[in-house]
Asker: 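I have a structure here, written as C-alpha cells, and I will follow up with some questions on it.
If you're wondering where the values come from, they're calculated on a predicted model, not measured in any experiment.
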Amino acid sequence: MERMKRTATCGELNRNHLAEKVTINGWVHRHRDHGNIKFINLRDRYGITQVVIDADATPVLKNTASELKFEYCIAVQGEVRSRPDNMVNPSMQTGEIEVKAEKIQILSTCAALPFMIDERTEAREDLRLQYRYLDLRSFSMQKNIRLRHEVALGVREYLIGRGFMEIETPTLIRSTPEGARDFLVPSRLYSGKFYALPQSPQLYKQLLMVSGFDKYFQIAHCFRDEDARGDRQIEHTQIDLEMSFVSKEDIFEVIEGMLQHIFRKTLNKELKVPFPRLSYDQAMDRYGSDKPDLRFDLEIKELSSLLAQGDFQLFKDVVAAGGVVKALLAPGCSGLSRKEISRLEETAKIFKAKGLAWMKVTEGGLEGGISRFYGDLSEAIITETGAAAGDLLLFVGDTRKTACTSLGAVRNELAAKLKLYDEKDFNFAWIIDFPLFEWSEEEKRWEPTHHMFSMPQEQCLDTLEEDPGRVKGDLYDLVCNGVELASGSIRIHDPELQKRIFNIIGLSLEEAGRRFGFLLEAFKHGPPPHGGIAPGLDRLVMLMAGESTIREVITFPKNTLGLSPMDDCPSSVGREQLEELHLKITKSAP
RNA sequence: GGGGGCGUAGCGAAGAUGGUUAUCGCGCCGGCCUGUCAAGCCGGAGACCGCGGGUUCAAUCCCCGUCGCUCCCGCCA
C-alpha cells in the first residue's frame, strides 16, 4: 500500500479549510473510544488536530482505529469539517474543526511508554534523559528547543546585520592547562600526544582579529572537564564574538542590541537599554555576589564601626582583625521563628560564615538575638539600616568576602521565601571593573581572574607590579536574574604588556612561549586592538524559557555526573582501539 | 573531595511507633459505551518497598554500609 503523505500539518487547519480533503501525519497523542464513535488527538510539532472515526465508518477503518495506542505514528486521510457549535474546544488552536477520517494508515507502532508524553512530564529526570527522544516529544521540550532555535536565528540575524561574519574554528586544538581542566583526545599518529577540545575559541578568535576579520562570531561548542551543575554542563554552547578597534562600550552596545532583538522577536518583550552597570566591588558589597539578582532590592549594608562599639565581643574581634560586619534587612520578618532563622543561618554557613546574628525591630527598639549588646546603639542601628518595626536584621561578621557572600546567599533565599520578585522579570546588568588578578592561597601566586589575555585598565598600567591585587581589568560580565550570562574583556595586543602579565602570574617566558608562542608571534605582526565577549546560549535560553536548569534547553544533555543515561557514555573501548592510540588503562572505574 | 534531599508496580505519589492481603492516580490487558477533548463505566494483571548486612519472634519501616539520581560547597581562566 502506498504511504499516505501529508498535505497539511496538525497545527494549521481551521475554518478556512472546511470541506477540504487532507492527509495529516503524526503521533497518537490521545484516543477516546466511545464505542461507535472514536476520537484521536493527532500530534505533530505544529499542533494537535482532532480526528473523528464516525459511526458510519467502514469496518476496515473502525478496525484500524481500534488498534491505535499512545504514540503510534499514523497517517489520516479525511475531510476537514467544523465541529458542532457546542463541541468547539476554545483551548485548542484547531478547536473549531476536526478531520473526519476516511482512511488511516499505521506508519509504525509504539511499545508501552516508560512515561506519558505530557505537557509536563513528571518522570524522574534520569528516566527522561534515558528516553530523551520521547521526552523531546513533549510540548514543553518542543517549545524550549524551538525557542533555542529562534534565539540562535536571532543571534545570526542581528550580528550579520551588524556586519559580523560567522567563522568556524577548530574543535581539536592544543591543550592549555590554564583555567578549567581540558578534555583530551589522544593522537593515533603521534604516540603520547594529545589534542584538546576547546574550553572556548578564545585564542583562535583573537588570531582572526590579527587576520583582519574585524567582527567575528560563532555559535561554538565549548568543553570543560569540571563538575556539572544546574547551569553548567561539561559541554555547552557559547555565542562567541570578538571585535577589532573597539572599547567595551562598543561591545556592550552590540550585546544590548542583540538581546533586544532576540527578546523582541521571540518573547515579544521590550528590553530597556542600556543595561545598568555595577562595579564588581559594588556588586559584592551591596548584593554579596558577582552575579547579583537585581529583580529585588534587599541591599546589604556595612555596619562594622557601629557594631564594633557595642558589647558583642565577636564583632569587636572581627573588626579589630580587619574584618567587617555586614547587615541584611529582612523586611517584615520579625515574626520568623527561631527555626526559620536557623535555616537562614545554615545557608550562611554553607558560604563559610561562622554564624548568623539577628535582632528583631519592634516599636520599642531592638529585641532578641544579639540586641542586648547594643542597647545604647539601637537607635543608630535602626537609622543606619533604615529598619522599621516588624523588620528583622541579620548580621555576619567575618572577612569581607565571607560576610558578603554568605549574606548574599541569605539575601537570595529570603527573596525567594518572601516572593520579592516576579519570576517573569528579566533584570540585566553589566558587572565591570573586576580585579585582574586573584591571589591563590594554594599556588601562592597571583592568578588571572578571567584569563591572562585581558587588558588591565589604563590607570593601572604604570603600577601593575606594585600591587597586583589592586589592578582593575577591562573585564565585564553580563548578569541576569542572578545568572552569569556572559563574560568578556578587552584583550592585550601589546606583546610587551603581555610579558609583564606573564611575569606577574609567574609564567616564565620560556613556558609562555611553549604554550602560546603562536599567539605571541602573531602579536608581533600588527595585531589590532580588540575585545570580545561570549554569552552562554544555554543559560540565555534557560532564562528565556523560565527553566531552572540548562538541561531543559539542551536536546541531549549529560546528567550532573557527566554521564549520558541514553547512550550510556562515557563507555569503555576495545583493546585494539586503545593500542592504536598507544594508551594503557592503569585503573578502571569501579 | 565534602554536605543536604530523594529512592515503594512501567510512571507519579501515599503509607505504619516494627505485626495478617502494602494504598491511590496515570499507564498496561479485557469488556461496555454515538460527541469526547486529562472522556466515562466495569473487571484484571503488575512491587524481592534501590542493594547488602545488622537488631528483632517479626523489618518496606529502626541501625550500619553501599549504589543510583538530584541540589549545593569546592572546582568551573
Asker: What's the gap between B/rC69 and B/rG30 when it is taken at their C1' atoms, as a whole Å value?
Answerer: 37 Å

Asker: Answer with yes or no after comparing the ring centroid distance for A/Phe516 and A/Phe453 against a 6.0 Å cut-off, counting only values under it.
Answerer: yes

Asker: With distance as the sole criterion, do the side chain of A/Glu98 and the base of B/rG35 form a donor-acceptor contact below 3.5 Å?
Answerer: yes

Asker: Using a 4.0 Å heavy-atom cut-off, does A/Glu125 contact any base of the nucleic acid, only the sugar-phosphate backbone, or nothing at all?
Answerer: sugar-phosphate

Asker: Distance check: side-chain N/O of A/Arg124 vs OP1/OP2 of B/rA13, anything under 4.0 Å?
Answerer: no

Asker: Look through every strand shown and name the nucleotide pairing with B/rU36 as Watson-Crick or G-U wobble, where both distances are under 3.5 Å.
Answerer: none

Asker: Can you check the distance between B/rC11 and B/rC51, where both ends of the measurement are the P atom (answer in whole Å)?
Answerer: 14 Å

Asker: What residue among A/Arg491, A/His493, A/Gln206 forms side-chain hydrogen bond (donor to acceptor under 3.5 Å, both in side chains) with A/His530?
Answerer: A/Gln206

Asker: What is the nucleic acid contact for A/Ala112, judged by heavy atoms within less than 4.0 Å: base, sugar-phosphate only, or nothing?
Answerer: nothing

Asker: Charged N to carboxylate O under 4.0 angstrom, A/Glu96 versus A/Arg83?
Answerer: no

Asker: Taking the same atom, C1', in B/rA22 and in B/rC49, what whole-Å distance lies between them?
Answerer: 8 Å

Asker: Please check if the distance between the ring centroids of A/His31 and A/Phe70 is under 6.0 Å.
Answerer: yes

Asker: Check this for me: does the side-chain of A/Arg232 come within 3.5 Å of the base of B/rC75 through a donor and an acceptor?
Answerer: yes

Asker: Please give the distance between the C1' atoms of B/rG19 and B/rA59 as a whole number of Å.
Answerer: 10 Å

Asker: Verify, without hydrogens or angle tests, whether A/Arg32 (side chain) and A/Ile40 (backbone) share a donor-acceptor contact under 3.5 angstrom.
Answerer: no

Asker: Considering only atom C1', compute the distance from B/rG25 to B/rU20 and round it to an integer number of Å.
Answerer: 26 Å

Asker: On a whole-Å scale, what distance lies between the P atoms belonging to B/rG4 and B/rA58?
Answerer: 32 Å

Asker: Taking any heavy-atom pair under 4.0 Å as a contact, classify A/Met452: base, sugar-phosphate, or nothing.
Answerer: nothing

Asker: Looking at the base of B/rG74, is there any donor atom on it, or on the side chain of A/Asp227, that sits under 3.5 Å from an acceptor on the other one?
Answerer: yes

Asker: Under 6.0 Å between ring centres: does that hold for A/Phe252 and A/Trp430?
Answerer: yes

Asker: Would you mind classifying the nucleic acid contact of A/Asn86 as base, sugar-phosphate or nothing, using non-hydrogen atoms under 4.0 angstrom?
Answerer: nothing

Asker: Rounding to the closest angstrom, what is the interatomic distance between B/rC48 and B/rG12 at atom P?
Answerer: 15 Å

Asker: Does a side-chain N or O from A/Asn36 land closer than 4.0 Å to OP1 or OP2 of B/rC33, or not?
Answerer: no

Asker: How is A/Thr449 classified with respect to the nucleic acid when contacts are heavy atoms under 4.0 Å: base, sugar-phosphate, or nothing?
Answerer: sugar-phosphate

Asker: Which part of the nucleic acid, if any, lies within contact of A/Pro84, taking any heavy atom under 4.0 Å across all strands shown: a base, the sugar-phosphate backbone alone, or nothing?
Answerer: base

Asker: Does A/Lys69 put a side-chain nitrogen or oxygen below 4.0 Å from OP1 or OP2 of B/rC29?
Answerer: yes

Asker: Tell me which nucleotide, if any, is Watson-Crick or G-U wobble paired with B/rC6 when both distances must be under 3.5 Å.
Answerer: B/rG68

Asker: Could you state the atom-to-atom distance from CE of A/Met92 to C1' of B/rG35 in whole Å?
Answerer: 14 Å

Asker: If you look at every strand shown and take non-hydrogen atoms under 4.0 Å, does A/Ile505 touch a base, only sugar-phosphate, or nothing?
Answerer: nothing

Asker: When the P atoms of B/rG18 and B/rU60 are compared, how many Å lie between them, rounded to an integer?
Answerer: 13 Å

Asker: Answer with base, sugar-phosphate or nothing: what part of the nucleic acid does A/Asn41 contact at a heavy-atom distance below 4.0 Å?
Answerer: sugar-phosphate

Asker: Would you say the side chain of A/Arg224 and the base of B/rC75 hold a donor-acceptor pair, judged only by whether the two atoms sit under 3.5 Å apart?
Answerer: no

Asker: Side-chain N or O of A/Arg32 less than 4.0 angstrom from OP1 or OP2 on B/rA39?
Answerer: yes

